Amino acid sequence: MTRVFQVDPQHIDPEIMEQAAHSLQHGQLVAFPTETVYGIGANALDPAAVDRIYAAKKRPKGDPLIVHIADAAQLPMVVAEVPQIARRLIEQFWPGPLTLILPKNASIPNNVTSGMPAVAVRMPNHPIALDLIRRAGVPVAAPSANLFSRPSSTSGRHVLEDFIDSLDIVLDGGDASIGVESTVINLVAEPPIILRPGGLSLEALQAVIPEVQLKSTYAAEDEVVASPGMLLKHYSPNARLLLFTGTDASRVCEQMQLEAQQLETSGLRIGVLGTSAQREPLAADNRVFFELGAADDLEGISKSLYRGMRELDAQQVDVILVSAPLKEGLGLAIWDRLYRAAEGNIIRVD
Ligand code: TXA
Ligand code: MG
């Protein structure tokens with residue numbers, strides 16, 4: 001049975017945290033909030049505990065995990081070396097939504113990295129996550145707390161939707177503040193390459209390392225890729241998702257309306273992940289409209305994105321219609337998640 005504890009991030013209950021840390025030390029799984037999304041944690045130095053993560057998530061063994069630390073002093077336990085560029089990024093952005101790929105330390109079991117010589121590491125910016133890792137005294141391997149290829153969890157309730165009884169403890173610390181996963185950057189590559197855009201923007205990284213590149217191609221599931229987790233089918237709601245792109249917002253909206261009406265004529269139930277301005281034209285009696293936020297409020301949209309996908313699934317819509325944000329700031333990560341969720345169903349309105 002999974003035990004659920006409500007934890008106030010501002011007043012962390014030490015007794016609950018001691019229980020959770022104890023569970024981690026004994027090879028069990030503890031879900032915890034981070035500033036990006038919830039994670040399912042296990043002792044990263046315990047290969048059997050790490051195996052339990054893959055089993056609980058039904059995650060393919062070839063998709064490696066991020067190791068979470070609470071203190072830069074833990075870094076030598078995880079990586080073999082800390083190059084100068086990593087030091088600069090750590091100083092600027094940790095704790096925070098940035099994951100670094102670096103050569104792995106021999107003490108990290110092979111199943112954490114899916115047998116690869118490099119390991120992903122980050123220091124989350126969340127008081128509950130940091131407290132848990134400190135008390136456990138070990139680095140904590142933690143993927144996002146969702147079943148494989150489902151939208152990530154941004155609340156304790158989402159974690160329980162996916163994992164009723166396969167975890168030991170869920171620490172429910174409220175809604176995640178960023179709502180999309182960390183930015184993953186490969187520092188073993190030359191120049192450094194962003195494998196997954198995320199909560200830290202490309203622009204912020206470019207300010208520190210102008211040479212950084214963005215991996216621009218998205219692999220189909222059967223291709224061999226540098227970051228094995230970056231499959232195209234990912235972050236998907238159960239419903240089919242149609243992504244509308246185009247620079248003219250009102251024409252995009254008109255096209256969404258036409259498409260929705262056509263699909264409704266054929267008997268399908270439609271959900272819209274919409275901006276505030278799209279509510280008036282697109283909300284309708286027989287449709288489910290989930291408001292993400294104002295089109296220019298990218299923080300608001302990223303925070304509600306996965307909740308929206310999950311709520312539309314819960315309302316059992318057949319098709320979700322959504323328009324793409326600008327690819328700047330957090331918009332790049334939002335665009336990336338929608339693009340993957342759409343699995344190629346892109347409608348270009350030019
Ligand atoms: O914000 C986040 O990063 C959240 C929270 C819980 O920290 N975690 C998360 O983990 O999103 P996960 O497992 O859902 O995604 C990890 C990504 C995957 O795309 C994986 O392929 C990549 O990081 N990754 C992990 N280790 C890697 C490695 N050694 N080399 C290349 N890519 C790696
Ligand atoms: Mg994930």
Side-chain angles (χ1 to χ4, degrees), residues 29-42 44 50 53-54 56-70 78-80 93-105 108-126 128-130 132-133 139-154 158-159 162 171 173 176-189 192-200 215 218-219 224-236 302 306 333 336-337 340-341:
L29 304 184
V30 176
F32 60 94
T34 81
E35 79 282 32
T36 57
V37 298
Y38 275 68
I40 300 181
V50 169
I53 292 182
Y54 285 96
K57 275 189 65 115
K58 303 186 172 41
R59 177 173 174 129
K61 287 281 176 66
D63 190 356
L65 308 178
I66 296 173
V67 176
H68 295 66
I69 59 176
V78 181
V79 305
F93 300 119
W94 277 9
L98 177 66
T99 295
L100 308 179
I101 311 278
L102 288 167
K104 143 188 184 322
N105 186 295
I108 297 294
N110 283 326
N111 58 354
V112 171
T113 64
S114 302
M116 292 193 295
V119 65
V121 61
R122 93 167 180 108
M123 190 190 295
N125 187 16
H126 194 291
I128 296 174
L130 292 171
L132 177 69
I133 301 163
V140 174
S144 53
N146 52 282
L147 289 173
F148 176 64
S149 96
R150 293 277 303 141
S152 298
S153 292
T154 56
H158 293 165
V159 179
D162 284 15
L171 300 174
S177 60
I178 295 179
V180 293
E181 299 84 347
S182 63
T183 301
V184 179
I185 183 169
N186 186 359
L187 297 181
V188 177
I193 184 161
I194 295 177
L195 300 177
R196 176 178 74 180
L200 184 72
K215 183 178 152 60
Y218 292 104
V224 179
V225 279
S227 184
M230 301 307 281
L231 306 171
L232 189 52
K233 181 176 162 52
H234 221 101
Y235 318 102
S236 312
S302 79
Y306 287 134
D336 170 82
R337 304 310 186 266
R340 289 164 196 286

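Both ligands and their constituent atoms are indexed starting at 1 by order of listing. Please read these numbers as outputs of a predicted model, since none were measured by experiment.
Which of Ala129, Pro64, Gly41 comes nearest to atom 25 (C) of ligand 1 through a heavy atom is settled by distance: it is Pro64. Relative to atom 14 (O) of ligand 1, the option among Ser144, Pro124, Gly39, Gly62 with the closest non-hydrogen atom is Ser144.
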Candidate pair Thr34 and Arg122, rule side chain to side chain donor-acceptor pair (under 3.5 Å), full reasoning:
CA-CA 11 Å; Thr34 81; Arg122 93 167 180 108; 3.0 Å; yes
Using the rule given for side chain to side chain contact (heavy atoms under 4.5 Å, CB included), can you reason through Leu132 versus Val30, listing the C-alpha separation, both sets of side-chain angles and the distance that settles it, and then say yes or no?
CA-CA 9 Å; Leu132 177 69; Val30 176; 4.1 Å; yes
Ser144 vs Glu181, side chain to side chain donor-acceptor pair (under 3.5 Å): CA-CA, chis, key distance, verdict:
CA-CA 8 Å; Ser144 53; Glu181 299 84 347; 4.7 Å; no
Starting from the C-alpha separation in whole Å, work towards a yes-or-no answer on side chain to side chain contact (heavy atoms under 4.5 Å, CB included) for Met123 and Leu130.
CA-CA 8 Å; Met123 190 190 295; Leu130 292 171; 4.0 Å; yes
Step by step, work out the side chain to side chain contact (heavy atoms under 4.5 Å, CB included) result for Asn105 and Val119.
CA-CA 8 Å; Asn105 186 295; Val119 65; over 6 Å; no
Worked check of side chain to side chain contact (heavy atoms under 4.5 Å, CB included) between Trp94 and Leu100:
CA-CA 11 Å; Trp94 277 9; Leu100 308 179; 3.8 Å; yes
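Annotation: Arg122 places an N or O atom under 3.5 Å from an N or O atom of ligand 1; distance criterion only. An N or O contact shorter than 3.5 Å is missing between Thr113 and ligand 1 by distance. For ligand 1, the polar-atom distance check finds an N/O of Ser182 within less than 3.5 Å of one of the ligand's N/O atoms. Where the criterion is an N or O separation shorter than 3.5 Å, residue side chain and backbone included, Ala118 meets it with respect to ligand 1.
Side-chain atoms of Ser182 and Thr99 form a donor-acceptor pair, as typed in the model, at a separation below 3.5 Å.
The ligand atoms of ligand 1 that sit less than 4.0 angstrom from a heavy atom of Glu181 are 1 (O), 2 (C), 11 (O). Each of the following atoms of ligand 1 lies closer than 4.0 Å to a heavy atom of Met116: 28 (C), 29 (N), 30 (N). Annotation for ligand 1: atoms under 4.0 Å from non-hydrogen atoms of Pro143 are 10 (O), 12 (P), 13 (O). The Ala120 neighbourhood of ligand 1 comprises atoms 25 (C), 26 (N), 27 (C), 29 (N), with distances under 4.0 Å to a heavy atom of that residue. Every atom of ligand 1 with a heavy atom of His68 under 4.0 Å away is listed here by number and element: 5 (C), 6 (C), 7 (O). Which parts of ligand 1 touch Asp63 is read off a 4.0 Å heavy-atom cut-off, strictly below it: atoms 18 (C), 20 (C), 21 (O).
When heavy-atom distances to ligand 1 are checked against a 4.0 Å cut-off, Arg59 comes that close only through its side chain, counted from C-beta outward. Contact annotation for Lys104 and ligand 1: no heavy atom of the residue comes within less than 4.0 Å of the ligand.
The main-chain N or O of Asp63 is found under 3.5 Å from a side-chain atom of Tyr54 such that the two form a donor-acceptor pair. Side-chain atoms of Arg196 never come within 3.5 Å of backbone atoms of Ala333 as a donor-acceptor pair (strictly under, hydrogens ignored). Judged by distance alone, with hydrogens and angles left aside, the side-chain atoms of Ser114 form a donor-acceptor pair with the main-chain N or O of Lys61 at under 3.5 Å.
Because the distance cut-off is set at 2.8 Å, Asn146 fails to qualify as a neighbour of the Mg ion (ligand 2), as none of its N, O or S atoms comes that close.
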